[in-house]
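For reference, the structure discussed in these notes is given below.
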Amino acid sequence: QTALLFSDRWAATVLLAASLEGMFLFGAVALIASYLQRVFAVSPSIAGTVTALFGLGGLVYAVNARRLLGRLRSAGLARAGGGCFAAAMLLLIALPGWQPALLATLMAGLGYYMLHNTLQNQATQLSTEARGAALAWFASGLWLGQGIGVSLAAIAAERFGFHAVFAVSGLGLVVIGLAFGRAVARREAGVSSSM
């Protein structure tokens, strides 16, 4: 099943995008609490509460998912998700004080779920013969990317600073969102023209 899956170019595209998403996104998100504590000397409880707003961003997406998908379609949702996450990183970098991190972390969660659910939806449709393998590789790629991303982000933050990590992460998600959105739009156009 794995050989069958990776012989499909679209499957490889989806799995690579998920891995890169995990690497760029979670590397930055994992450092937000440390950033707030080191730079703004907030308490661990405040830093943890701010970081928890990432999950609330996912809830905002869940409540509005049908409306967003109807308006943006899959391709637009991927693009908007990458852009929303990048805007969150820019907010962390540009504004003084820790309070903007409240909105930034919420936006980061919203952007992540917009992009990630588009990727996950594509993963569930990769193969009727190897659907289990597709989802297993999707999850493995995401978590492997996350592990690599967090390790690299921690090293980069020590050497270049938190802002550099947030900037690279935001840029990475914009590129992934735009590229994957374009790929989805092309694929959907090809499917509809062949019907």
Side-chain angles (χ1 to χ4, degrees), residues 1-30 53-89 105-150 169-195:
Q1 285 189 339
T2 296
L4 176 66
L5 184 66
F6 280 97
S7 66
D8 180 359
R9 186 174 177 181
W10 179 241
T13 299
V14 172
L15 298 176
L16 176 63
S19 300
L20 291 174
E21 176 199 39
M23 185 173 76
F24 280 102
L25 187 141
F26 285 108
V29 171
L53 291 174
F54 182 85
L56 186 58
L59 185 59
V60 170
Y61 170 77
V63 169
N64 295 285
R66 182 174 292 182
R67 186 179 306 117
L68 288 169
L69 187 57
R71 178 172 291 184
L72 299 174
R73 312 292 297 166
S74 295
L77 202 58
R79 293 185 193 112
C84 185
F85 184 84
M89 295 298 100
T105 308
L106 182 71
M107 288 172 59
L110 174 61
Y112 166 68
Y113 282 95
M114 290 169 76
L115 175 57
H116 183 73
N117 281 351
T118 305
L119 284 163
Q120 190 168 10
N121 183 49
Q122 293 297 319
T124 62
Q125 302 173 43
L126 285 179
S127 171
T128 53
E129 297 86 3
R131 183 165 287 146
L135 291 175
W137 277 106
F138 179 83
S140 297
L142 177 69
W143 300 126
L144 182 62
Q146 178 183 349
I148 293 169
V150 170
S169 179
L171 181 61
L173 261 290
V174 163
V175 171
I176 293 166
L178 289 175
F180 192 72
R182 183 178 181 185
V184 169
R186 282 182 174 176
R187 182 171 176 82
E188 289 179 347
V191 168
S192 62
S193 65
S194 66
M195 294 176 75

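Contact between L25 and F54 at its shortest, heavy atoms only, is CD2-CZ, 3.9 Å. Minimum heavy-atom separation, A17 to L119: CB-CD2, 3.5 Å. Residue L142 comes nearest to E21 through the heavy atom pair CD1-OE1, 3.7 Å, listed as atom of the first residue, atom of the second, then distance. The two residues R79 and A185 have their closest heavy-atom pair at NH2-CB, 4.0 Å. Scanning both residues, A86 and G170, for their nearest heavy atoms gives CB-O, 3.5 Å. Residues A28 and S169 approach most closely at CB-OG, 3.3 Å, considering heavy atoms.
In this structure, L16 CG and F180 CZ are separated by 10.5 Å, a value rounded to the nearest 0.5 Å. The CE atom of M23 lies 10.0 Å from the CG atom of L144; values are rounded to the nearest 0.5 Å. Going from atom OG of S74 over to atom CD of E188 covers 5.0 Å, rounded to the nearest 0.5 Å. Separating the CE atom in M114 from the CE atom in M107 is a distance of 10.5 Å, to the nearest 0.5 Å. Here L115 contributes atom CG and L77 contributes atom CG; the two are 8.5 Å apart, rounded to the nearest 0.5 Å. Taken from CG in L20 to CD1 in I176, the straight-line distance is 5.0 Å, to the nearest 0.5 Å.
Checked against the 6.0 Å centroid criterion, the rings of Y112 and Y61 do not qualify as a close aromatic pair.
Counting heavy atoms from C-beta outward, F85 and L110 have side chains that stay 4.5 Å or more apart.
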Q) For L135 and T124, what are the C-alpha separation, side-chain angles and deciding distance, and is it a side chain to side chain contact (heavy atoms under 4.5 Å, CB included)? A) CA-CA 7 Å; L135 291 175; T124 62; 3.9 Å; yes
Q | Stepwise side chain to side chain contact (heavy atoms under 4.5 Å, CB included) check, L126 with F138 | A | CA-CA 10 Å; L126 285 179; F138 179 83; over 6 Å; no
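The backbone N or O of G145 lies less than 3.5 Å from no partner atom in the side chain of S19, so there is not a single donor-acceptor pair. In this structure, the side chain of Q122 does not engage the main chain of T118 through any donor-acceptor pair within 3.5 Å. With hydrogens and angles disregarded, a donor-acceptor distance shorter than 3.5 Å links the side chain of N64 to the backbone of V60.
In this structure, Y113 has no ring pair (Phe, Tyr, Trp, His ring centres under 6.0 Å) partners at least two apart in sequence or on a different chain. Shown here are the side-chain hydrogen bond (donor to acceptor under 3.5 Å, both in side chains) partners of Q120, two or more places apart in sequence or in another chain: there are none.
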